[in-house]
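Order of the sequence lines fixes the chain letters, A, B, ..., with proteins taken first and strands second; residue numbering starts at 1 for each chain. Model, not experiment: these values are computed from the prediction. Basis for what follows: all heavy atoms, side chains included, without hydrogens, waters or symmetry-related copies.
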Amino acid sequence: MENSADQKVRVRFAPSPTGGLHLGGVRTVLFNYLFAKKYNGQFILRIEDTDQSRFVPGAEQYILDTLAWCGLTPDESPIHGGAYGPYRQSERKPMYKQYASQLIEQGNAYYAFDTSEDLDAKRKEIPNFQYNRATRMSMKNSLSLPASEVTRLLNENTPYVVRINMPDSEELVFEDLIRGEVKFDTSMVDDKVLLKADGMPTYHLAVVVDDFLMKITHAFRGEEWLPSAPVHILVWKNLFGLDQMPKWAHLPLILKPDGNGKLSKRDGDRLGFPVFAMDWTDPNTNETTIGFKERGFLPEAFVNLLAMLGWNDGTDQEIFSLPTLIEKFTLDRVHKGGAKFDYEKAKWFNQEWIKQSDNAYLANLVAPYFETAKIEIHEPSYLVKVIGLVKERCQLLTDFIPQSAFFFTAPTEVDTASILPKWDPAKAAFFTSIMDAYVNEAVTNDATELETHFKALAAEQGLKPGDLMLPFRIMLVGGKFGPGVFDIVANIETKDAAKRIQYCLDLLSKN
RNA sequence: GGCCGGUUCGUCUAUCGGUUAGGACAGCCCCCUUUCACGGGGCAAAGACGGGUUCGAUUCCCGUACCGGCUACCA
């Protein structure tokens, strides 16, 4: 995709601030970002807050935070500035009316005075009612009414909307970067509202005007927008000319894992996985919806998994860093079909990233979880060491808590039920002697030395080490999990181990 | 209903006319591991259907079916 110097690649993500950003939204950001960076272009964030009734305070900040977490920072946005502001549509309100007037003057749009009650009545009266060339003459608008009447209504400040005047039978064709040629017959499209009664543009007008004013060269959006493409193309044609229009690419949808349909927040609630990138608290209900971040996902993994939902580089490689994605990304390898979201696979991506991440890096990310779990970390380097020991058994960052808590505090719950069936006085005696050895510092805190000592002592007492390992592990960590036992003892140190043995011995003797 | 889009293992996907249709996740089995994992090996699993075009179709064309999206003064 070569482009001349004056045609610098500019793409945009244009969400409405109505709530949390879900998977599909972030993936649209990602593809925008990858494309922009790949071609040395710019990525713009534009807030589409034209619907005042759906505006949710905090949602814009949330979007900014999410992009920051993912590492997909815009070059221009409400807070990053840029030469094409403002970047909130509500602040661009005056710009739209002028273009709506231009369309009316050109005969490409018209005033419509129908109230929402009028429309409701019509829709009730006629099934599948469409405001289009077949019905518009029977409605109250500047096409059906005498000019004098229109002037009168306007002078009386009668509320009106501006509707696009869809031509009769015109074939509208455009080249979608992902789907190829897509055709529409204008007679099948209705007269969409371009400017609302409150003077705000609808998406249909705003997207065209802003893409033009912001010099957008490539417009990516979800597939759900495909049906309204003819409206946008027509507005482009009548306002700025088709040669100015950005190249469109309609991205496939992310589908729910079971059944069919677009993935929604509800599906996540129902199936027990996040759908939003980060925690989102609805300011009205105060309800918090869990996000991938808080669930314990690494941003690298989140971005990686999103990229693979609808794109691949043609090889078997699945793990990609953001810089590699930028390097490898091409639109012609983006799929046309939607992809069902698979949370198991998502976790696998995260596990892969945990395995290959630096221990100190992980320690920083995991530390807050320890804090909320009220586990104190006295020595940061100790945490780093522990992470190295347990990271390959963690899929999520949150797994580090149960997988390594025993390195910091003695287990409170001990699975004695797994020891009891094969427990006998000989074993009790053995652990008493191990405990004594530890208390008296007869062994150093070295894993191999501890193991040698343990086995020698077992042999001395005529016991098989294999019969002692499981009880020992349970005494130390509370259950059947964790790294090698002697690595654990070496790290928590013999004195602490002795206490845990004592505690467990007491528990067992009560049975 | 209408318009638009889509269709390869359960899931994500490779294949750009000729392959024993490959990989990954999940599942099952084995090895490694005196726990849980990691790792290694193996098994099972797919071209929606019907017509063309072609020496040859998963691949190109048409139709059917199925799935999805849209059909608001929401985006």
Side-chain angles (χ1 to χ4, degrees), chain A residues 14-18 48-51 53-54 89 112 114-116 119-120 123 127-131 159-163 176 178-179 182-185 187-190 192-204 206-207 221-230 250 252-253 255 257-262 305 308-319 332-333 335-349 351-352 355 390-395 399 403 415 418 455 464-474 476-477 479-485 488:
Chain A
S16 348
T18 52
E48 307 228 340
D49 54 350
T50 54
D51 186 353
S53 65
R54 293 213 313 163
Q89 289 185 331
D114 319 86
T115 64
S116 31
L119 291 170
D120 284 346
R123 283 192 258 263
N128 297 324
F129 172 79
Q130 296 280 279
Y131 207 119
Y160 66 85
V161 300
V162 175
R163 284 182 183 271
D176 186 280
I178 293 172
R179 278 147 227 282
V182 184
K183 289 181 196 172
F184 293 91
D185 182 347
S187 52
M188 293 301 176
V189 186
D190 58 333
K192 290 272 180 252
V193 171
L194 297 179
L195 199 72
K196 303 186 251 190
D198 62 2
M200 278 289 195
T202 60
Y203 174 82
H204 305 302
V207 72
R221 59 184 5 175
E223 193 190 345
E224 70 268 27
W225 287 109
L226 204 42
S228 48
H250 290 88
L253 264 17
L255 278 10
D258 61 335
N260 297 299
K262 242 198 315 189
L305 97 240
M308 299 313 285
L309 234 39
W311 176 86
N312 68 78
D313 75 339
T315 72
D316 287 338
Q317 187 177 343
E318 295 192 272
I319 303 300
D332 59 4
R333 295 210 59 94
H335 303 147
K336 301 186 205 331
K340 289 185 182 175
F341 178 67
D342 181 357
Y343 187 54
E344 291 306 317
K345 183 94 185 206
K347 283 192 289 191
W348 174 79
F349 276 106
Q351 185 171 26
E352 290 298 309
K355 271 192 294 185
V390 303
K391 70 185 207 183
E392 61 198 21
R393 48 210 98 206
C394 295
Q395 280 199 307
D399 291 339
Q403 286 296 339
D415 181 17
S418 294
K455 287 183 174 167
K464 282 190 282 183
D467 296 336
L468 301 165
M469 295 295 271
L470 188 65
F472 194 27
R473 161 176 301 281
I474 293 173
L476 297 171
V477 316
K480 293 185 266 190
F481 62 93
V485 271
I488 296 169

What nitrogen or oxygen pairs link the protein and nucleotides 9-15 of chain B at under 3.5 Å?
from  : atom 1 : to     : atom 2 : distance (Å)
B:C12 : OP1    : A:K340 : N      : 3.0
B:C12 : O2'    : A:M308 : O      : 3.4
B:U13 : OP1    : A:G310 : N      : 3.2
B:U13 : OP1    : A:H335 : ND1    : 3.1
B:U13 : O3'    : A:N312 : ND2    : 2.9
B:U13 : O3'    : A:H335 : NE2    : 3.1
B:A14 : OP1    : A:N312 : ND2    : 3.1
B:A14 : OP1    : A:H335 : NE2    : 3.1
B:U15 : OP1    : A:R333 : NH1    : 3.2
B:U15 : OP1    : A:R333 : NH2    : 3.3

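- Looking at residues two or more places apart in sequence or on another chain, you find a side chain to side chain contact (heavy atoms under 4.5 Å, CB included) between A:D332 and A:T330.
- For B:A14 and B:U54, the P atoms lie 29 Å apart once the distance is rounded to whole Å.
- Using Watson-Crick or G-U wobble geometry with both donor-acceptor distances under 3.5 Å, B:A24 finds its partner in B:U11.
- When the side chain to side chain donor-acceptor pair (under 3.5 Å) test is applied to A:H204, the partners found at least two apart in sequence or on another chain are A:H232.
- Judged by Watson-Crick or G-U wobble contacts below 3.5 Å, the nucleotide B:A37 has no partner.
- The side chain to side chain donor-acceptor pair (under 3.5 Å) test applied to A:D467 returns no partner, not counting sequence neighbours.
- With sequence neighbours left out, the side chain to side chain donor-acceptor pair (under 3.5 Å) criterion links A:E352 to A:W348, A:K355.
- Residues satisfying the ring pair (Phe, Tyr, Trp, His ring centres under 6.0 Å) criterion with A:F481, sequence neighbours excluded, are A:F406.
- Summarising the base pairing, B:A45 is matched to no nucleotide, lacking a Watson-Crick or G-U wobble pair whose two defining distances lie under 3.5 Å.
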Short heteroatom pairs, N/O only, protein and nucleotides 59-63 of chain B, under 3.5 Å:
none

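- Comparing A:K480 and A:R179 by the nucleotide of RNA chain B whose heavy atom lies nearest to each, the residue mapping closer to the 5' end is A:R179.
- Listed by chain and residue number, nothing satisfies the ring pair (Phe, Tyr, Trp, His ring centres under 6.0 Å) test with A:F349 (two or more places apart in sequence, or in another chain).
- The residue A:K183 sits close only to the backbone: its heavy atoms come under 4.0 Å of sugar-phosphate atoms, none of a base.
- With B:U35, B:C3, B:G39 as the candidates, the nucleotide lying closest to the side chain of A:K355 is B:G39.
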Heavy-atom protein contacts under 4.0 Å, nucleotides 69-75 of chain B, coded B base, S sugar-phosphate only, - none: BSS-BBB

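- As the counterpart of B:C32, no nucleotide is assigned, since no Watson-Crick or G-U wobble pattern has both distances under 3.5 Å.
- B:C38 takes the syn form, because its glycosidic angle lies no more than 90° either side of 0.
- Pair assignment for B:G68: B:C4, on the basis of Watson-Crick or G-U wobble contacts that are both within less than 3.5 Å.
- A gap of 32 Å separates the P atoms of B:A46 and B:C32, to the nearest Å.
- Every side chain to side chain donor-acceptor pair (under 3.5 Å) that A:D190 has, sequence neighbours left out, goes to A:K192.
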What pairs of nitrogen or oxygen atoms, one from the protein and one from nucleotides 42-46 of chain B, lie under 3.5 Å apart?
none

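- Separation of the P atoms belonging to B:A44 and B:A21 is 14 Å when rounded to the nearest angstrom.
- Within 3.5 Å, a donor on the side chain of A:R393 pairs with an acceptor on the base of B:C36, or the reverse.
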Chi angles and distances behind the side-chain contact (heavy atoms from CB on, under 4.5 Å) call for A:T202, A:K196: CA-CA 7 Å; A:T202 60; A:K196 303 186 251 190; 3.6 Å; yes

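- Here B:G39 is the nucleotide among B:G39, B:C25, B:A37 with the atom lying nearest to any side-chain atom of A:E352.
- Nucleic acid contact class of A:Q317 (heavy atoms, under 4.0 Å, all strands): none.
- For A:E344, counting side-chain heavy atoms from C-beta on, the closest listed nucleotide (B:G6, B:A26, B:C36) is B:A26.
- A:V189 comes within 4.0 angstrom of no nucleic acid atom, judged by non-hydrogen atoms across all strands.
- In this structure A:F129 satisfies the ring pair (Phe, Tyr, Trp, His ring centres under 6.0 Å) test with no other residue, sequence neighbours excluded.
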